[in-house]
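Take a look at the structure set out below.
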Amino acid sequence: MSSAFSHAELERALLRREAGEPLAHVLGRVEFCELSLEIGPGVFVPRPRTEALVEAAIAWLKPDSRVLDVACGCGALAAAIKRALPGAEVHASDIDESALEFARRNGARYGFAVHRSDWLRSVPGRFDLVIAYLPHVPHAEEDSLDQDYLKAEGPSTVLGGADGLDPLRSILPHLSQHGGLMTLLEVGQIETARQLAGRLQVLAGDEHDQIVLIQ
Ligand SMILES: C[S@@+](CC[C@H](N)C(=O)[O-])C[C@H]1O[C@@H](n2cnc3c(N)ncnc32)[C@H](O)[C@@H]1O
């Protein structure tokens with residue numbers, strides 16, 4: 001925290017943190033892939049585990065690809081891709097106005113365009129790759145989540161229906177217009193996702209998360 005904070009501001013920040021607000025929301029900043037991004041209340045805080053998804057996308061993309069970070073939150077994935085591939089045309093979209101406000105600020109700083117869209121319904125044109133860290137937690141797992149984060153970010157940023165795959169179901173019908181979708185799923189979701197999507201390739205992963213490419 002900057003030393004420019006007054007005593008009163010510092011006290012307010014400590015109270016918000018003690019009340020359970022994520023540090024990123026209190027500070028108004030979050031680090032992701034060594035970038036500093038603006039963020040605020042109601043917006044999903046980018047998780048370190050998603051950095052592996054960004055690395056996989058960067059390895060797959062060409063230097064001048066057209067790429068979309070769908071359900072972008074504050075635009076962390078878009079910012080990291082644009083930083084790694086300055087010649088790429090990078091776009092980001094979300095439906096939530098708070099997320100869009102911060103994505104626009106980060107887009108202006110890091111060089112990506114931001115759109116309001118319900119999943120892929122109104123994104124501009126064809127993308128070589130759609131990258132997404134979707135809400136994908138099954139409803140039954142809601143109680144096991146950090147309740148402070150759930151309250152601060154909002155359930156619609158993390159919960160994905162009975163099996164966590166409803167957002168994927170919404171995206172799949174629009175995917176034929178694009179080069180592919182790269183996303184992160186839980187190990188236990190892979191088989192259902194394969195049945196839904198058909199051509200699903202596991203690119204990398206660990207005992208919890210798998211990075212998949214659907215084409
Ligand atoms: C898990 S967060 C990921 C955000 C960002 N990709 C990140 O990793 O920081 C999921 C995002 O999906 C967005 N979302 C929820 N419903 C949506 C919808 N119908 N259309 C587009 N985005 C949606 C939420 O606003 C949230 O920003």
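Atoms within a ligand are numbered from 1 in the order they appear, just like the ligands themselves. Counting from 1, the numbers follow the sequence of the chain as shown.
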Taking only heavy atoms of [X], which atoms of ligand 1 are found under 4.0 Å from at least one of them?
| X | result |
| --- | --- |
| D118 | 18 (C), 19 (N), 20 (N) |
| S117 | 20 (N), 21 (C) |
| S156 | 15 (C) |
| D96 | 25 (O) |
| P46 | 9 (O) |

Of F44, W119, F32, F102, which has the heavy atom at the shortest distance from atom 23 (C) of ligand 1?
->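 The residue whose heavy atom sits nearest atom 23 (C) of ligand 1 is W119.
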
Which option, D94, I131, D69, L37, owns the non-hydrogen atom nearest atom 25 (O) of ligand 1?
-> D94

Of the protein's non-hydrogen atoms, which lies at the shortest distance from atom 5 (C) of ligand 1, and what is that distance?
->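 For atom 5 (C) of ligand 1, the nearest protein heavy atom comes out as C72 O, 3.3 Å.
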
Give the residue and atom name of whichever protein heavy atom lies nearest to atom 4 (C) of ligand 1, and the separation in Å to one decimal.
-> A71 O, 3.3 Å

Flag for H25-R16: side-chain donor and acceptor within less than 3.5 Å =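 Absent: no donor and acceptor within the cut-off.
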
Answer yes if the side chains of E89 and H91 hold a donor-acceptor pair under 3.5 Å, and no otherwise.
->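 Short answer, yes.
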
d(Y149 OH, E21 CD) to nearest 0.5 Å is 11.0 Å

When rounded to the nearest 0.5 angstrom, what distance separates NE2 in H178 from CD in Q215?
-> 13.5 Å

Look at R169 together with D163 and state whether they make a salt bridge at an N to O cut-off of under 4.0 Å.
->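 Yes, R169 and D163 are salt-bridged.
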
Any N or O of A99 closer than 3.5 Å to N or O of ligand 1 |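 No: no nitrogen or oxygen of A99 is under 3.5 Å from one in ligand 1.
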
